[in-house]
Amino acid sequence: MRPNVPKRGYFISVYYICGDITAGVEGASAVAHALSLPAEAYGNDPRLEAMWAMKAYNHAEVYFNLISSVDPKFLKLTKLDDKIYSLFRETFKDLDIKQLKEGDLKSDKAKETWRPFCNQFEGLVEDFNYGTLLRLDCEKGYTEENTIFATRVQFFAMEIARNREGYNDVVFKSK
């Protein structure tokens, strides 16, 4: 039987998700090591997919708690916020960041624009293409219906813009 896992908090047991990986500090070290190996070292290992999902979920939870607690206009997510924001708005002038659609990131046309945008941050933003969860509607939380998988740079671009343009204010003001 799996242990009860709190719905909130930073110390969710990796064992709960992966089943056979030790929880706690040793578990975190094992997860960090496993996630640092090249993709070729794995096939479609469901345990690894669960670890990535857990890491992405934890990142999303921490970020949502942050914008719920601190006025988003004052947040700095990276050392390159200004550059990410200016290049994002230069490239995606008309993108509705308040209410994204899956096609804004996943359509063939969108991918043609996103790929070069993201790749220019390789070596500048750590784990620039790491998988991250992104809210489609910025006025709502992370739910299955309101979440899409995006790269870290896409996440930063959208959330920096949402913070600077005041779209995330509703989350902060609702707390």
Which heavy-atom pair separates [X] from [Y] by the least distance, and what is that distance?
| X | Y | value |
| --- | --- | --- |
| Cys118 | Val153 | CA-CG1, 4.1 Å |
| Phe172 | Asp71 | CE1-N, 3.5 Å |
| Leu105 | Ala150 | CD2-CB, 3.9 Å |
| Lys73 | Asn163 | CG-O, 3.5 Å |
| Gly103 | Ala110 | O-CB, 3.3 Å |

Under 3.5 Å: donor-acceptor pair, side chain of [X], backbone of [Y]:
| X | Y | result |
| --- | --- | --- |
| Asn146 | Gly141 | yes |
| Asp81 | Thr78 | yes |
| Lys173 | Val170 | no |
| Ser86 | Lys83 | yes |
| Arg152 | Thr132 | no |
| Glu112 | Lys109 | no |
| Trp114 | Lys106 | no |

Got [X] and [Y] here, is their nearest side-chain heavy-atom distance under 4.5 Å?
| X | Y | value |
| --- | --- | --- |
| Leu75 | Asn168 | no |
| Ile84 | Leu77 | no |
| Asp104 | Ile148 | no |
| Leu95 | Leu100 | yes |
| Tyr85 | Glu165 | yes |
| Phe128 | Thr151 | no |
| Met158 | Phe88 | yes |

Distance from [X] atom [atom1] to [Y] atom [atom2], nearest 0.5 Å?
| X | Y | atom1 | atom2 | answer |
| --- | --- | --- | --- | --- |
| Leu134 | Gln154 | CG | CD | 8.0 Å |
| Asp96 | Asp137 | CG | CG | 9.5 Å |
| Asp127 | Asn129 | CG | CG | 7.5 Å |
| Asp169 | Ile67 | CG | CD1 | 9.5 Å |
| Asp94 | Arg89 | CG | CZ | 8.5 Å |
| Ser68 | Glu61 | OG | CD | 10.5 Å |

**Fill in**
Contacts of Lys98 meeting salt bridge (Lys or Arg N to Asp or Glu O under 4.0 Å) (sequence neighbours excluded), chain-then-number -> Glu139

**Prompt:** Salt bridge between Glu159 and Arg162, side-chain N to carboxylate O under 4.0 Å?
**Reply:** yes

**Message:** For Glu102, is the CD atom crowded, meaning more than 12 foreign heavy atoms sit under 6.0 Å from it?
**Reply:** no

**Asked** Is the NZ atom of Lys79 crowded by more than 12 outside heavy atoms at less than 6.0 Å?
**Response** no

**Complete:** residues 142-170 vs ring-ring contact (aromatic ring centres under 6.0 Å, His included), sequence neighbours excluded, gives His59-Phe155, Tyr63-Phe155

